[in-house]
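Read through the structure below, which is laid out as C-alpha cells, and then see the notes.
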Number of protein chains: 2
Amino acid sequence: MFSKRQQQIIETAIKLIAEKGIQNLTIKNISKEIGITEPALYRHFDNKLEILKGIIQYFSIIMKPAFESMQKENQPIQQIENFFFSHLRILNNNYNFAKVIFSESNFQNDETLINSINIMMNKSQQKIKSVILQGQAINEIHSEQNALNISRIIIGSLRFLVIQWTMSGMVFDLEGEGLQLWNDIKKLIVNTN
Amino acid sequence: MFSKRQQQIIETAIKLIAEKGIQNLTIKNISKEIGITEPALYRHFDNKLEILKGIIQYFSIIMKPAFESMQKENQPIQQIENFFFSHLRILNNNYNFAKVIFSESNFQNDETLINSINIMMNKSQQKIKSVILQGQAINEIHSEQNALNISRIIIGSLRFLVIQWTMSGMVFDLEGEGLQLWNDIKKLIVNTN
DNA sequence: ACCATGTTAGTGAACACTAACAAAGATAAT
DNA sequence: ATTATCTTTGTTAGTGTTCACTAACATGGT
C-alpha cells in the first residue's frame, strides 16, 4: 500500500504534528527531517493533503491489531478488555502516534479528512456497542444501562486517559493506570449475579 | 478584563478555528470577518500568540458557571450532576465554542499555551475527584472504585459525547443524549443501599 | 490638544508547489 | 559480458501567494 519512503514520510509527519502541532507540519520540515529536498517529497505524495490522508489511513493500519485482538475471545467482556488493553499497548509503544490519534481537530481543514475521521470513530463505537449488546443478551453485562451509553463511557474514558497521558508528558504509566481504570469500569458494568 | 473589541476578536478567532481549524486562523481572516484592517487588530492584541492566550482565558470565563453551579448543592452526586448538565447547556448554546474547547491540539505550538490548557484540565479533574471522595465518605457513591478513575469516567464520557456531537455536525440533541448518559453513569456509581 | 482606534502601503520570511536537469539501478538488446 | 535505454528518485533554482507584523498617517470623541 505505502512504499518504504511513503511510510517514512507519514511517520515523520506524525512526529512533527506530535511535537509542535499541525502548524509545524510543512513540506520543508518533513523533508528536512528525513534528509531529502522538498521536490523529492513530491515524488511520493502529490500534495500536502495526500500526506494527511495517508496519516489517517495509517491510523487504521496501526490500530487494526486492537480490533483483531477482540476476535480471539468469546466472552463479550473479555473482547472489550482486549480492545482496551490492545489500544493502550499500541499507544504506549508509539508516543507520537498517541499524541495525534485522538486530536481530530488537526484534520478539520478538509471535508474528506473530517469524513474519514468520522467513519473511523463510528466504526470503533459500533463495534464496542454490538459486543456490549451481546454481553447484555447473555446477562454478562448489566442491562439496566443503554449499550450506546456504556460504549461512550468505555471509549470516552480510554480516550481521556490517553489524552491526559500525552498532555502530561507521559508522567504516569499508561498501561498501569489503564489497567486500574478498566478494572473499575468492569466492576461497574459486569453482572455479578 | 477584555474590551468589547478584544472579546469580538476572541470570539471570531474561535469561530474561525471551529470552522476550518487552527490553520485557518490568520490575522487577515479575523480582521476581514470583523470588518477592520489587519493593523487595526494589532491595536488590541500585541501578536497572534496573545490572541490564542486570550482564547484560553476565555475558556475559563465561559465555563465558570459550570463550576459555580456545583456550589449551589450539598449532595456530592447532585454537584456533579450540575457540573455535567451545566457543561452541556453552555456548549449546546455555543457551537463554535464546543468545537474548540476540547481540541487541545490547537494550542500545541507554544509551551505557555500547553501549560495553561493542562492547568485547566487538571482543575476540572481535581474538583470532580474531590467531590467524589466526599460522596464516598458519606456512602453516597460506591467506594469500591477509585475516585480518580470515576472522575476519568465522568469527564471522559462527557468530553467524548461533546466531541461526537460536534464532529457529527450536531445531528443529535446534546442535552437529551447527555441526560441519558448521565442517568446511566449515576446508576452505575451511586450507592443504592 | 490628546488619545484611542482606525487607515494605506509596505516589509522580509515562509508557504506549497514546479520546471529542468542529474544520477543511479533495473531491464533488455547486442 | 557489454552497451543502450528507461524508470525511479533525487537535485538546484525558482514561481507566485500568503504569512505575521510595521511605519506613517488620518479621524473622531473627550
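Just so you know, these numbers come straight off a predicted model, no measurement behind them. Just so it is clear: chains get the letters A, B, ... in the order the sequence lines come, proteins before strands, and each one is counted from 1.
With respect to A/Glu104 and A/Arg159, a salt bridge is recorded, a charged nitrogen being found less than 4.0 Å from a carboxylate O. Taking a cutoff of 4.0 Å between a charged side-chain nitrogen and a carboxylate oxygen, A/Glu177 and B/Arg152 qualify as a salt bridge.
Of the residues in residues 29-46 of chain A, those with a non-hydrogen atom less than 4.0 angstrom from any atom of DNA chain D are A/Ile36, A/Thr37, A/Pro39, A/Ala40, A/Arg43, A/His44. A heavy atom lying under 4.0 Å from DNA chain D marks the following residues of residues 8-25 of chain B, by number: B/Leu25.
Residues passing the salt bridge (charged side-chain N to carboxylate O under 4.0 Å, His left out) test with B/Lys28 are B/Glu38, sequence neighbours excluded. The salt bridge (charged side-chain N to carboxylate O under 4.0 Å, His left out) search around A/Lys20 returns none, not counting sequence neighbours. Scored by the side chain to side chain donor-acceptor pair (under 3.5 Å) test, B/Gln145 finds no partners at all (sequence neighbours excluded). Taking the salt bridge (charged side-chain N to carboxylate O under 4.0 Å, His left out) definition, one finds that A/Lys64 meets it with nothing, sequence neighbours left out.
When rounded to the nearest whole Å, the span between CG of A/Asn47 and C1' of C/dA16 equals 9 Å. Note: NZ (A/Lys28) to P (C/dA13) measures 12 Å, nearest angstrom. In this structure, CG of A/Leu52 is placed 13 Å from C1' of C/dA16, rounded to the nearest angstrom.
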Identify every side-chain donor-acceptor pair in residues 124-134 of chain B under 3.5 Å, counting partners at least two apart or on other chains, and give the distances.
{"from": "B/Gln125", "atom 1": "OE1", "to": "A/Gln164", "atom 2": "NE2", "distance (Å)": "2.1"}
{"from": "B/Gln125", "atom 1": "NE2", "to": "B/Ser151", "atom 2": "OG", "distance (Å)": "2.9"}
{"from": "B/Ser130", "atom 1": "OG", "to": "B/Lys127", "atom 2": "O", "distance (Å)": "2.9"}

Could you list the donor-acceptor pairs under 3.5 angstrom formed by side chains in residues 53-61 of chain B, with sequence neighbours left out?
{"from": "B/Lys53", "atom 1": "NZ", "to": "B/Glu50", "atom 2": "OE2", "distance (Å)": "3.3"}
{"from": "B/Tyr58", "atom 1": "OH", "to": "B/Glu11", "atom 2": "OE2", "distance (Å)": "2.3"}

With a cut-off of 3.5 Å and sequence neighbours excluded, list every side-chain donor-acceptor pair involving residues 77-85 of chain B.
{"from": "B/Gln78", "atom 1": "NE2", "to": "B/Glu81", "atom 2": "OE2", "distance (Å)": "3.4"}
{"from": "B/Gln79", "atom 1": "NE2", "to": "B/Glu73", "atom 2": "O", "distance (Å)": "3.2"}
{"from": "B/Gln79", "atom 1": "NE2", "to": "B/Asn74", "atom 2": "O", "distance (Å)": "3.3"}
{"from": "B/Glu81", "atom 1": "OE1", "to": "B/Trp182", "atom 2": "NE1", "distance (Å)": "2.8"}
{"from": "B/Glu81", "atom 1": "OE1", "to": "B/Lys186", "atom 2": "NZ", "distance (Å)": "2.8"}
{"from": "B/Asn82", "atom 1": "ND2", "to": "B/Ser69", "atom 2": "O", "distance (Å)": "3.0"}

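Formation of a donor-acceptor pair under 3.5 Å by the B/Ser3 side chain with backbone atoms of B/Gln6 is found in this model. A donor-acceptor pair under 3.5 Å is absent between the side-chain atoms of B/Ser103 and the main chain of B/Asn106, judged by distance alone. A/Asp184 places a side-chain N or O within donor-acceptor distance of the main-chain N or O of B/Asn146, the cut-off being under 3.5 Å.
Within the structure, ring pair (Phe, Tyr, Trp, His ring centres under 6.0 Å) pairs that include any residue of residues 8-54 of chain A do not occur (at least two apart or interchain).
For DNA chain D, the outermost nucleotides in 5' to 3' order that have an atom under 4.0 Å from a heavy atom of chain A are D/dT9 to D/dA13.
With the end axes of the helix from C/dA1-D/dT30 to C/dT30-D/dA1 each set by five pairs, the angle from one to the other reads 10° at 10° resolution.
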